[in-house]
Amino acid sequence: MKFPFEVSFEEIQADLDVYIDAIFSCLTSEFLVMPKGKGFVEFAVFEEGYECLKRATGGFCEVTPETLVSAVYDTPIALVVLRCMIGFTPPEWAYYASRQTGISVTQNAARAVDRNIRMDPQAPLPKPGTVQGRRIGALISAACHALASGVPRQAADTLHRLDKADTKAGLVSVRASANLGIPYSVLLYERLLGRPFAGHRDSISELIGNVVENAIEAVLTEAGISFRRTGRAERLAGFDQAPDFVVPNEFNPKVVIEAKLTEDDGTARDKVTRVQHLGSLSMDGQPPGKPRFQVVACIAGRGFGVRREDMRKLLLATRGKVFTLNKVPDLVDQTLLRDFRTVSPTR
DNA sequence: CTTTATCCACGCTGAGGCCG
DNA sequence: CGGCCTCAGCGTGGATAAAG
């Protein structure tokens, strides 16, 4: 099978559907495998925090700020376990703690505390006397209050955040959950309310996005090609929206590369629009068929495989230079990038 | 120098508008 | 009416600026 980047633009236009199928055929979805990322908490570490919490409170019988603080300072990850018990995000916990204790805990402070512990569970926490230490104390006191209070009466069409199997009846339900376990159906119901791995997926969303960009960078580096990789929120002169790569540099763009991985067709549509925009930018004030620079798209994920119309647009905007992740190795030889190669192929 | 705050981009969701 | 599309919102991490 011929791929669109191997043939002339005329051939693509004459047989567009064939080339759409060619791209579709090698678009694979990688959603089954996720990177762990730097702040990943292994179960063994998490469990250690849980057991420490359970021990310090005598099996959740004595849940007081004092017993919780001693557990958290002994095994910092216990703070993350505590957060899972109440089921708040760090910013939510910060707000709740500020209201509850009168001690100012900013969203960023709570996020930093939580993340620092996850990044290095062995690192000692800021001492209780320090500003950070007082904030940790406030968070713990607030959690203590939340765990003890249970769910107040609610209107039928509302759902209280503490209305979870382990916290709906205060410490009684906490102890029951710890001692008897929680039924499978309850686990499944919690999954329904919070999709599996949601927190982790959020935390690694940027790593996912970088998969394609890293692959491109590796290929460019190996060929010894000068390139400019743009960072987030970076502005490039001459572009109202910065593409991911410019070769050789933004002052004299000859090849621009837009890279995107998406498992979601909504996101894919947005990116197609971006590439189309780059395509029209390359034609500004140029004679027909003679773009100022070559626009290349590198895509991955099943999001791009949803609608043929989007792929058609993408092929036209790039004049056929659409590469899926597994075709990135062909990137240099099948585009104008070959003119910038300074290291010959090692084959 | 370190810590904190601000801003941005990521993927995903859901609401609402438009079109045939 | 369903399909398509745009938009705004979420929580996250990282870059950068500001404050200590």
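Residue numbering restarts at 1 for every chain, and letters A, B, ... go by the order of the sequence lines.
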Worksheet item: Ring centroid separation for A:Phe323 and A:Phe5, is it under 6.0 angstrom?
Response: yes
Discussion item. Just so I know, are the side chains of A:Ile257 and A:Cys298 near enough to count as touching, which here means a heavy-atom distance under 4.5 Å?
Written reply: yes
Worksheet entry | Heavy-atom neighbours of A:Tyr189 OH exceed 12 at 6.0 Å | no
When the distance from [atom1] of [X] to [atom2] of [N] is rounded to whole Å, what number comes out?
X: A:His200; N: B:dC10; atom1: NE2; atom2: C1'; result: 14 Å
X: A:Arg134; N: B:dT3; atom1: CZ; atom2: P; result: 16 Å
X: A:Lys127; N: B:dT3; atom1: NZ; atom2: P; result: 14 Å
X: A:Ile136; N: B:dT3; atom1: CD1; atom2: P; result: 13 Å
X: A:Glu213; N: B:dG11; atom1: CD; atom2: C1'; result: 14 Å
X: A:Arg161; N: C:dC10; atom1: CZ; atom2: P; result: 12 Å
X: A:Met119; N: B:dT3; atom1: CE; atom2: P; result: 15 Å
X: A:Asn116; N: B:dT3; atom1: CG; atom2: C1'; result: 11 Å

Response to the item:
With the side chain defined as heavy atoms from C-beta on, A:Arg135 is closest, among C:dT12, B:dT4, C:dG11, to B:dT4
Worksheet item: Between C:dG11, B:dT4, C:dG13, which one does the side chain of A:Gln132 approach most closely?
Response: B:dT4
Discussion item. Just N and O in the side chain of A:Thr106: are any of them under 4.0 Å from OP1 or OP2 of B:dT4?
Written reply: no
Worksheet item: Between B:dT4 and A:Arg115, is there an OP1 or OP2 to side-chain N/O distance shorter than 4.0 Å?
Response: no
Worksheet item: When you check the gap from the basic side-chain N to the acidic O, do A:Glu11 and A:Lys2 get nearer than 4.0 Å?
Response: no
Practice prompt. Please determine if A:Asp333 and A:Arg341 form a salt bridge, counting it only when a charged side-chain N lies under 4.0 Å from a carboxylate O.
Written response: yes
Worksheet item: Does any donor-acceptor pair link the side chain of A:Arg111 with the base of C:dG11 at a separation under 3.5 Å?
Response: no
Worksheet, complete the sentence: Closest to the 5' end of DNA chain B, once A:Asp244 and A:Ala112 are matched to their nearest nucleotides, is A:Ala112
